[in-house]
Amino acid sequence: MTQEQVITELQKDVPGFMDRLFGKGNWIHDEAEQLYIARDPKYKGPDFGFIAVRPDGSFFTGVRPKDALQ
């Protein structure tokens with residue numbers, strides 16, 4: 001499956017995709033930012049490594065210091 005095909009499928013049901021990829025209850029939806037956010041399983045540091053998925057299927061990763069999380 002090409003990256004374009006994956007994004008097309010993801011756009012159909014982002015919450016379902018997040019459930020399949022990260023497991024039910026292992027991600028949140030940020031209404032204000034319109035992002036689906038899950039812990040990045042590849043991040044091994046002391047802070048919170050995350051993957052954020054936009055409704056259009058694009059995504060980005062980042063790291064937030066533990067003390068910056070609510």
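All values below come from the heavy atoms of this structure, side chains included, with hydrogens, waters and symmetry mates left out.
Under a hydrophobic clustering in which Ile, Leu, Val, Met, Phe, Trp and Tyr are joined whenever their side-chain heavy atoms come within less than 4.5 Å, directly or via other members, Y43 and F60 fall into different clusters. Both I28 and F48 belong to a common hydrophobic cluster when Ile, Leu, Val, Met, Phe, Trp and Tyr are linked at side-chain heavy-atom distances under 4.5 angstrom.
Atom CZ in F59 sits 13.0 Å away from atom CG in L35 (nearest 0.5 Å). One finds the CE atom of M18 at 14.0 Å from the NZ atom of K24 (value rounded to the nearest 0.5 Å).
The environment of CD in E4 is sparse: at most 12 heavy-atom neighbours from other residues, nucleotides or ligands sit within 6.0 Å.
Residue pairs meeting the salt bridge (charged side-chain N to carboxylate O under 4.0 Å, His left out) criterion with at least one partner in residues 25-50, sequence neighbours excluded, do not occur; the list is empty. Pairs of residues two or more places apart, or lying in two chains, that qualify as ring-ring contact (aromatic ring centres under 6.0 Å, His included) and include a residue from residues 2-28 are W27-Y36.
Nearest approach of P55 to V14, heavy atoms of both residues: O-CG2, 3.9 Å.
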